[in-house]
Amino acid sequence: MDDAAPTKDKPFLSDVKTLRDRARKNISEGAMTWTYKGDPKKTVEILQSVLATEIVCVLRYTMHAVSATGISSEGVKAEFAEHAKEEQEHMMAVAERITQLGGEPDFNPEGLASRSASEYSTGPTLVDMIKENLIAERIAVDHYRELIRYFGEDDPTTTRMLKWILSVEEEHADDMHDLLVAHEGKPMLPN
Ligand SMILES: [Fe+2]
Ligand SMILES: [Fe+2]
């Protein structure tokens, strides 16, 4: 860490020349500059699990979109497909952030399920699938809320990305809840 790193008393007093000199040094570190307050190795490790979670979500929703059958399954299939697409956007964003932090995104299918917070689960009926997705979304929401608190201002970029992902996962959970009510006539989760 640089001697002139910001402190509580001197929050941002680097002059332009100092900033430019620092940026020229250690350019192999890419986006990782001296002001990064997080622990990049730890951040990458955590993001690998987020990446695995998102990959599992892509796979689960894709599988559901393809295999959902039965009366009134068309609307649900479309919803599953839409979610699969959005999970893929999350997957890409997380993988890119890992790269920015100097890591190598782990797409290895081996061990994927154990790296992921949510499960690849499915059920024989449409309602089972909706329930599995709702559970997976609720796990993701809890997990990401904790991570947002953990990263906070130490890594504002990762925090911002996770906040965006969290807001989409909350919508997903809401969509699954609405579908469940529509197909079962009652919510699975008590208010
Ligand atoms: Fe996601
Ligand atoms: Fe989701």
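These numbers come from the heavy atoms of this one structure, side chains and all, not from hydrogens, waters or symmetry mates. Whatever order the structure lists ligands and atoms in, that order sets their numbers, starting from 1.
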Q: Are any N, O or S atoms from E86 nearer to the Fe ion (ligand 1) than 2.8 Å?
A: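 No N, O or S atom of E86 is closer than 2.8 Å to the Fe ion (ligand 1), so no.
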Q: side-chain contact (heavy atoms from CB on, under 4.5 Å) between H172 and E87: does it pass, once the steps are laid out?
A: CA-CA 10 Å; H172 288 175; E87 304 298 4; 3.0 Å; yes
Q: For residues L112 and Y120, determine if any side-chain heavy atom of one lies less than 4.5 Å from a side-chain heavy atom of the other.
A: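 No; the side chains remain at least 4.5 Å from each other.
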Q: Roughly how far, to the nearest 0.5 Å, is the OG atom of S73 from the CD atom of E79?
A: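 Separation between the atoms: 13.0 Å.
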Q: In terms of relative ring orientation, are Y61 and H83 parallel, tilted or perpendicular, with 30° and 60° separating the classes?
A: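 Y61 vs H83 ring planes: perpendicular.
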Q: Please calculate the OE2(E87)-the Fe ion (ligand 2)-OE2(E137) angle and round it to 10 degrees.
A: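 Answer comes to 100°, rounded to 10°.
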Q: If you define the side chain from C-beta out and look only at heavy atoms, does anything of L147 sit under 4.5 Å from T159?
A: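 The answer is no, as the side chains (C-beta and beyond) never meet within the 4.5 Å cut-off.
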Q: Which is the closest N/O/S atom of H90 when seen from the Fe ion (ligand 1)?
A: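 Looking at H90, the N, O or S atom with the least distance to the Fe ion (ligand 1) is ND1.
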Q: Tell me which N, O or S atom of H172 sits nearest to the Fe ion (ligand 2).
A: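 Checking each N, O and S atom of H172, the shortest distance to the Fe ion (ligand 2) belongs to ND1.
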Q: Rounding to 10°, state the angle centred on the Fe ion (ligand 1) that links OE2 in E169 with OE1 in E54.
A: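 Result: 130°, to 10°.
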